Engineer: 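The structure's right below; bear with me while I get my questions together.
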Amino acid sequence: MNDHKFEQCIKCTICTAYCPVVAVNPLYPGPKQAGPDGERFRIKNKFFFDENLKYCMNCKRCEVACPSGVNIADIIHSARMRYGHQKPNLRDMILASTDLMGVMARPVAPVVNAVAGSKAGKWAMDTFLGVDQHRTFPKYQFKGFVGWFKREMEASQASYPRQIAFFHGCSTEYQHPEVGKAFVQVMNALGFGVQLLDEECCGVAMISNAMWKQAKQHARHNVAAFEKAVDAGLPVVTTASTCTFTMRDEYPHILGVDNAKVRSSIVLVEKFIHDLVDKGKVKLVFRKDYKARMAYHIPCHMEKLGWSIFTKNLLQMIPGADLTVLGSGCCGIAGTYGFKKENYAYSQAIGQPVFDEIARVNPEFVVSECDTCKWQIEMSTGYAVKNPILILSEALDLEATAKANCVNG
Ligand code: SF4
Ligand code: SF4
């Protein structure tokens, strides 16, 4: 919860210079005014609350830039929760209920994909819901990750010498099961059996859409599941940067859900593998015939986590990888933010420098740990975006890696 770090603000305005929203949206007061400055007034009188705080994308770039360690975006979103009158409309609830929508869409995935991709479907969503018609929706998959895992992989997992718990997240289950499959293959090759958690959506989209009660329920459910895993000696390993960041930091800072017992055990797979390699606990054997020219887009929440160095180092270990690390910049999607009609133009304007740089670099594909960055960059540039664990699964000689790690699996 907000612990009043606003008093540390030295009014340097660096946060305002780094905020991608304030540069394109004149309605947004900016991080300094919305955060520490506004908080001084709000704690005296709640009527100073400004509903335009809803334009904050919660990208955390202001917090990364702040020299005084002010938790600016936490202050803004805690204020939205305490004083805001924003009630989610039907559009917001649909966009934020990622797991519920996934469960409903999966059995009729080809129909949902066809409608969401058609001109008439886009027009209807724009007109009746307020989802911008220029937005491309990710495709739902008929067969998800969990079903595949239970059918083909679960029985063999106990035979591995070490075990981890995997938080796969909504997009791996409903849209990109290949990420989960790659994760299991790589972890097995490194000698780790994978166990699934009783997980729910991390709730980040609910936080953005003022569904505070539901976000807290999800947070409490996930923390309880993580506590069980941690009590059993299992780290919780993830593949999506925003889920990871939300479960580590937004649960206690915005939702007030205590995760102290498990926070340090929630770790992105790139950091997890990097730490193991660093300590000499696993060996990676790469394919000699793998060659790829890739550009790494660092998601905003990876910058906040400070973990992009691990992904970069891992990718640089691949002998055939020609890696360009793109300049720091927000792609503009911010989860559900860029789907909304009222934000679409801002979202694209924010992402334009990133899109331009990708076009200049002209890689074979882009790398990113964030699925919504993937959707935004693929839609706006035409370049494919891959999760780093997918690249590792393609670049590693999985059999030789398993041998090198004495896995009989
Ligand atoms: S979180 Fe992002 S959008 Fe919000 S104030 Fe900070 S920099 Fe601006
Ligand atoms: S960057 Fe930090 S110290 Fe500077 S104005 Fe913003 S909140 Fe205050």
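Throughout, residue positions are numbered sequentially from 1 according to the sequence presented. In each ligand, atom 1 is the first atom listed, and ligand 1 is the first ligand listed. The model shown is predicted, which means the values in this text are computed figures rather than measured ones. Just so it is clear, the values below take in all heavy atoms, side chains as well, and ignore hydrogens, waters and symmetry mates.
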Engineer: Which protein non-hydrogen atom lies closest to atom 4 (Fe) of ligand 1, naming both residue and atom, and how far is it?
Structural biologist: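 The protein heavy atom lying closest is Cys56 SG, 2.3 Å.
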
Engineer: Can you pull out the closest protein heavy atom to atom 6 (Fe) of ligand 1? Residue, atom name and distance to 0.1 Å, please.
Structural biologist: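 Scanning the protein heavy atoms, the shortest distance from atom 6 (Fe) of ligand 1 goes to Cys62 SG, 2.3 Å.
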
Engineer: Can Lys60 and Glu250 be counted as an ion pair, charged N to O under 4.0 angstrom?
Structural biologist: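 Glu250 and Lys60: salt-bridged.
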
Engineer: Quick one: does ligand 1 sit under 4.0 Å from the side chain of Val22, the backbone, both or neither, non-hydrogen atoms only?
Structural biologist: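 It is neither; nothing of Val22 touches ligand 1.
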
Engineer: What protein heavy atom lies closest to atom 3 (S) of ligand 1? Include the residue and the distance to one decimal.
Structural biologist: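 Protein heavy atom at minimum distance: Met57 N, 3.3 Å.
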
Engineer: Which bit of Ser68 gets closer than 4.0 Å to ligand 2, counting heavy atoms only: side chain, backbone, both or neither?
Structural biologist: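 Side chain only.
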
Engineer: Glu369 and Tyr296: side-chain donor and acceptor closer than 3.5 Å?
Structural biologist: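 A donor-acceptor contact under 3.5 Å links the two side chains.
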
Engineer: Using a 4.0 Å cutoff against the non-hydrogen atoms of Asn58, which atoms of ligand 1 qualify?
Structural biologist: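 Once the distances to Asn58 are compared, the set is 1 (S), 4 (Fe).
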
Engineer: Which of the numbered atoms in ligand 2 are below 4.0 angstrom from a heavy atom of Ile10?
Structural biologist: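 Selected atoms, number and element: 3 (S), 8 (Fe).
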
Engineer: Can you tell me if an N/O/S atom from Cys59 lies under 2.8 Å from atom 2 (Fe) of ligand 1?
Structural biologist: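 So Cys59 counts as coordinating atom 2 (Fe) of ligand 1, yes.
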
Engineer: Do any heavy atoms of Tyr28 fall under 4.0 Å from ligand 1?
Structural biologist: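 Judged by the 4.0 Å heavy-atom criterion, Tyr28 does count as contacting ligand 1.
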
Engineer: Could you grab the distance from atom CG of Leu268 to atom CZ of Phe167, nearest 0.5 Å is fine?
Structural biologist: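 Here the rounded value is 12.0 Å.
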
Engineer: Any chance you could measure Leu255, atom CG, to Lys216, atom NZ, to the nearest 0.5 Å?
Structural biologist: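 It comes to 7.0 Å.
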
Engineer: Of the listed options (Thr13, Ile72, Val70), which comes nearest to atom 5 (S) of ligand 2 when hydrogens are ignored and any heavy atom counts?
Structural biologist: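 Heavy atom nearest to atom 5 (S) of ligand 2 belongs to Thr13.
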
Engineer: Which part of Ala73 is near ligand 1, with near meaning a heavy atom under 4.0 Å away: side chain, backbone, both or neither?
Structural biologist: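 For Ala73, the contact with ligand 1 is made by the side chain alone.
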
Engineer: Any heavy atom of Gly35 sitting closer than 4.0 Å to ligand 1?
Structural biologist: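 Flag not set, Gly35 not near ligand 1.
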
Engineer: List the atom of Gly338, the atom of Tyr344, and the distance in Å for their closest heavy-atom pair.
Structural biologist: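 Taking every non-hydrogen atom into account, O-CD1, 3.6 Å.
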
Engineer: Counting from 1, what ligand 2 atoms have a heavy atom of Cys66 closer than 4.0 Å?
Structural biologist: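 Close to Cys66: 1 (S), 2 (Fe), 3 (S), 7 (S).
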
Engineer: Would you mind checking which non-hydrogen protein atom is closest to atom 1 (S) of ligand 2, with the distance to 0.1 Å?
Structural biologist: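 Ranked first by proximity to atom 1 (S) of ligand 2 is Cys15 N, 3.3 Å.
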
Engineer: Heavy-atom distances under 4.0 Å decide this one: backbone, side chain, both or neither, for Lys11 against ligand 2?
Structural biologist: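 Looking at Lys11 and ligand 2, just backbone atoms fall under 4.0 Å.
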
Engineer: Is the number of heavy atoms from other residues, nucleotides or ligands within 6.0 Å of CD (Gln33) greater than 12?
Structural biologist: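 For Gln33, atom CD is not crowded (no more than 12 foreign heavy atoms under 6.0 Å).
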
Engineer: Side chains of Asn89 and Lys87: do they bring a donor and an acceptor to under 3.5 Å?
Structural biologist: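 No pair is found: no donor N or O on one side chain lies under 3.5 Å from an acceptor on the other.
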
Engineer: Using every non-hydrogen atom in the two residues, find where Val22 and Thr16 come nearest and quote the distance to one decimal.
Structural biologist: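 That closest heavy-atom pairing would be CG1-O, 3.3 Å.
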
Engineer: Classify the contact between Pro36 and ligand 2 as side chain, backbone, both or neither, using a heavy-atom distance cut-off of under 4.0 Å.
Structural biologist: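 The part of Pro36 near ligand 2 is the side chain, not the backbone.
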
Engineer: Without hydrogens or angle criteria, can the side chains of Asn259 and Glu227 be said to hold a donor-acceptor pair below 3.5 Å?
Structural biologist: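 No, no side-chain donor-acceptor contact under 3.5 Å.
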
Engineer: Measuring from atom OG of Ser368 to atom NE2 of His297, what distance do you get when rounded to the nearest 0.5 angstrom?
Structural biologist: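 Atom-to-atom, Ser368:OG and His297:NE2 are 5.0 Å apart.
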
Engineer: Using a 4.0 Å heavy-atom cut-off, which part of Lys60 comes near ligand 1: side chain, backbone, both, or neither?
Structural biologist: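 Just the backbone.
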
Engineer: What's the separation between atom OG1 in Thr336 and atom CG in Asn209, rounded to the nearest 0.5 Å?
Structural biologist: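 Answer rounded to 0.5 Å: 4.0 Å.
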
Engineer: I'd like to know if Pro67 contacts ligand 2, where contact means a heavy-atom distance under 4.0 Å to any ligand atom.
Structural biologist: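 Heavy atoms of Pro67 do come under 4.0 Å of ligand 2.
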
Engineer: Can you tell me which residue and heavy atom of the protein come closest to atom 8 (Fe) of ligand 1, and the distance to 0.1 Å?
Structural biologist: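 For atom 8 (Fe) of ligand 1, the nearest protein heavy atom comes out as Cys19 SG, 2.4 Å.
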
Engineer: Rounded at 0.5 Å granularity, tell me how far NZ in Lys32 sits from NZ in Lys11.
Structural biologist: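 One gets 4.5 Å once the value is rounded to the nearest 0.5 Å.
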
Engineer: Supply the atom-to-atom distance Gln8 CD to Ile10 CD1, rounded to the nearest 0.5 angstrom.
Structural biologist: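 Reported value, rounded in 0.5 Å steps: 10.5 Å.
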
Engineer: For ligand 1, which atoms have a heavy atom of Val21 less than 4.0 angstrom away?
Structural biologist: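 It comes down to these atoms of ligand 1: 3 (S).
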
Engineer: Going by the atom numbers of ligand 1, which of them fall below 4.0 Å from some non-hydrogen atom of Pro20?
Structural biologist: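 That gives atoms 7 (S) of ligand 1.
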
